[in-house]
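This report concerns only the one structure given below.
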Amino acid sequence: MTDNDVAGLQRRLAEFAAARDWQPYHTPKNLAAALSVEAAELLEIFQWLTPEQAERVMDDPESAHRVADEVADVLAYLLQFCEVLGVDPLAALAAKIDRNEVRFPVRRRGGERGDGGGEGDSSKDRHSSE
């Protein structure tokens, strides 16, 4: 394991928190709240941008740095949250993708399913993160 794989990063984050006696504050509720706040800070960067400006946000070094910092904050809190609750984030993501491949079959033009089935109930179609 390296320091840049999931387990290595979780270990570094746990060591960082332990060295500062922050573990009592790293409850699931607090970490979920912090994750939400950091995700909102990432969104704030894009809040008033047009879609075209948003696509070019990484072209500006200052904006790129802000985006990278907020992505790091979101990932740090997510990894700490997973560590506290014993969730393997990569296994959870793989399982979610598997479920979504079944829930949202590939559709061809005209609404036909790629698996040969007919049209499904479009009211059940949701974003893949649901």
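Sequence positions, counted from 1, serve as the residue numbers for this chain.
- By the side chain to side chain contact (heavy atoms under 4.5 Å, CB included) test, Ala17 is found to be paired with Trp22, His26, residues two or more places apart in sequence or in another chain being considered.
- In the hydrophobic clustering of this structure, Val74 groups with Val87; members are Ile, Leu, Val, Met, Phe, Trp, Tyr whose side-chain heavy atoms approach within less than 4.5 Å, directly or through other members.
- Within the 4.5 Å cutoff, no side-chain heavy atoms of Glu83 are placed close to those of Gln80.
- Minimum heavy-atom separation, Val6 to Pro89: CG1-CG, 3.9 Å.
- Residues Leu75 and Val37 do not share a hydrophobic cluster, clusters being chains of Ile/Leu/Val/Met/Phe/Trp/Tyr side chains in contact below 4.5 Å.
- From Leu9, atom CG reaches atom CG of Leu78 across 11.5 Å, with rounding to the nearest 0.5 Å.
- In this structure a side-chain-to-backbone donor-acceptor pair under 3.5 Å is present from Arg56 to Glu52.
- In the hydrophobic cluster analysis, where Ile, Leu, Val, Met, Phe, Trp and Tyr join through side-chain heavy atoms closer than 4.5 angstrom, Phe81 is grouped apart from Phe16.
- A salt bridge (charged side-chain N to carboxylate O under 4.0 Å, His left out) check over residues 6-21, counting only residues at least two apart or in different chains, returns the pairs Asp3-Arg11, Arg11-Glu15.
- Checked by atom type and distance alone, the side chain of Gln53 pairs as donor or acceptor with a backbone atom of Thr50 at under 3.5 Å.
- Among residue pairs with one or both ends in residues 38-49, none qualify as side chain to side chain donor-acceptor pair (under 3.5 Å); sequence neighbours excluded.
- To the nearest 0.5 Å, the span separating OG1 on Thr27 from CG on Leu85 amounts to 9.5 Å.
- Here the CG-CD distance, from Leu49 to Glu55, works out to 11.0 Å after rounding to the nearest 0.5 Å.
- Looking at Phe46 and Val67, their side chains come closer than 4.5 Å, going by heavy atoms from C-beta outward.
- Residues satisfying the ring-ring contact (aromatic ring centres under 6.0 Å, His included) criterion with Tyr25, sequence neighbours excluded, are absent altogether.
- At a threshold of 4.5 Å between non-hydrogen side-chain atoms, the residues Leu31 and Val84 count as touching.
- Residues meeting the side chain to side chain donor-acceptor pair (under 3.5 Å) test with Ser63, sequence neighbours left out: Asp60.
- Residue Ala76 comes nearest to Leu13 through the heavy atom pair O-CD1, 3.7 Å, listed as atom of the first residue, atom of the second, then distance.
- The side chain to side chain donor-acceptor pair (under 3.5 Å) analysis of residues 67-79, with sequence neighbours excluded, yields the pairs His65-Asp69.
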